[in-house]
Visitor: 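I have a structure I would like to understand better, so I am pasting it below and will then ask my questions one at a time.
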There are 2 protein chains.
Amino acid sequence: MSEFTPARLEILHAAAECFMEQGFHATSIDVVARRMGATKGRVYHHYPSKVDLFFDVHRLGMDLLFSAVEPARHAPGDALEVLAAMMKAHALAMFEHHAFESVVVQGVQLHRFGALTPRQHQELEALIATRDQFEALFKEQASAARRAKLLANVDVSIAVKTLLGGLQWSLIWYRPEIDDSAKNRERLAEAMVRTLLLGLAARA
Amino acid sequence: MSEFTPARLEILHAAAECFMEQGFHATSIDVVARRMGATKGRVYHHYPSKVDLFFDVHRLGMDLLFSAVEPARHAPGDALEVLAAMMKAHALAMFEHHAFESVVVQGVQLHRFGALTPRQHQELEALIATRDQFEALFKEQASAARRAKLLANVDVSIAVKTLLGGLQWSLIWYRPEIDDSAKNRERLAEAMVRTLLLGLAARA
DNA sequence: GTCTATATGGTGATAGAC
DNA sequence: GTCTATCACCATATAGAC
């Protein structure tokens, strides 16, 4: 549907940062344009409305998540090690594409965007379906680990929601401008994965 | 500073639901008033501005969290069992006061509210400090558990952020209107706590 | 205390020059 | 493709009637 042309990518990056900092409704097309050193004529030339712009940021954010996690699905090791690799890849992707993934989370929370055209409504449904597919990747992998007797006796659905929540909450406290070294991101991601997989309680 | 009088509580409940559903910026004072079957004159009589109203919702939301977790801090058992009780109380409070706690999380994410008066800026700082205090409760308890050799070898700061994220993410997927029985909430809270404390990986 | 009416400013979106 | 100029609308907040 929408192609990520260079001109659009520049707009998407500016928009992602604005949406992250101020939220969808508080962000005006003017400030998105000003962040690029342009005026809103440029934005409206490439996007018919603010909602469509938001949806495209969301779409790119999801693409980046899938691209990050997909290779990890074929990582070597047993089903639990694959799950761990997927979690780590997910965490790293959120650090690396902080603004875009913040917008994705914002999209999860927003219940109403105002009046939507039929086409926009359809695109929103598609985005929600994409989020469910992403969660399903983890649910399937966790189920595989369970079949291999590698998983604790937990409700897989709730456990997956909980672990994704634990990872995604890093969007709140991670400050990309403070310490964005690759080494530090690795350390944080591994610490989160370790906590979620092994738990806080000491193992006997 | 602000007292939760009955008249104000009615406004706060209506506002919490509107803020949850539509977000701060998209919520107009008109719809808050309409939800009470009133007009905005009533709201402005009790609150000088929308920001002040939002802050008071946030404040009540934090009060409810502290009130829920405080008793659990004196629960019987070792340091780890106390931590578990605190986590469960926190989860239950978020189910029970879903709208208010959604607004609290929203406040965590919002970086800019627009222009704030000096007094409002000061109140915002106080709210942020309150959130830090709440997190500190869990950090201290986790440290106590570590001193008692009950904790796994994890970074306490990251582990606490991760576990709070796992719990708080339930605000996204929990639907209070679907199944709000006390029994179901207990089940969900216990499943989350169990996952976070014991981890997903099977124990040898 | 609660209402209606209104002042004021900002935002999404469009039209048309270059 | 990008800009300026402009319109129509909506939200915050205020003033004053009841």
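Convention: sequence-line order gives letters A, B, ...; per-chain numbering from 1. Because the structure is predicted, anything quoted here is derived from the model rather than measured.
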Visitor: Take atom NE2 in B:His25; do more than 12 heavy atoms of anything else shown fall under 6.0 Å from it?
Guide: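 Yes.
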Visitor: Within a 6.0 Å radius of atom NE2 on A:His46, are there more than 12 heavy atoms belonging to other residues, nucleotides or ligands?
Guide: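 More than 12 within 6.0 Å, yes.
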Visitor: Look at A:Glu123 together with A:Arg119 and state whether they make a salt bridge at an N to O cut-off of under 4.0 Å.
Guide: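 Salt bridge present between A:Glu123 and A:Arg119.
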Visitor: What does nucleotides 3-18 of chain C look like as a protein-contact string, B for base, S for sugar-phosphate only, - for none, at under 4.0 angstrom between heavy atoms?
Guide: BB------SBBB----
Visitor: Tell me, what's DNA chain C's dot-bracket, Watson-Crick or G-U with both distances under 3.5 Å, | for other-strand, [ ] crossing?
Guide: ||||||||||||||||||
Visitor: Is the closest basic N to carboxylate O distance between B:Asp155 and B:Lys161 below 4.0 Å?
Guide: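 So B:Asp155 does not pair with B:Lys161 through a salt bridge.
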Visitor: Could you state the atom-to-atom distance from CD of B:Glu10 to P of C:dG1 in whole Å?
Guide: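 Taking atom P of C:dG1 as the reference, CD of B:Glu10 is at 13 Å.
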Visitor: Mind listing the closest non-hydrogen atom pair of A:Asn153 and B:Arg194 along with its distance?
Guide: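 In this case the closest contact between A:Asn153 and B:Arg194 is O-NE, 3.4 Å.
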Visitor: Between D:dA13 atom C1' and B:Leu53 atom CG, what is the distance in whole Å?
Guide: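 Rounded to whole Å, this separation is 14 Å.
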Visitor: Does B:Gln122 CD have over 12 foreign heavy atoms under 6.0 Å away?
Guide: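 Incorrect, the count does not exceed 12.
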Visitor: Between A:Arg8 and A:Glu3, does at least one N-O distance fall below 4.0 Å, as a salt bridge requires?
Guide: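 A:Glu3 and A:Arg8: not salt-bridged.
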Visitor: Does A:His45 have a side-chain nitrogen or oxygen under 4.0 Å from the phosphate oxygens OP1 or OP2 of D:dT2?
Guide: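 It does not, given that no N or O in the side chain of A:His45 lies less than 4.0 Å from OP1 or OP2 of D:dT2.
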Visitor: Any salt bridge linking A:Arg73 with A:Glu70? Criterion: basic side-chain nitrogen under 4.0 Å from a carboxylate oxygen.
Guide: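 Looking at A:Arg73 and A:Glu70, the cut-off is met.
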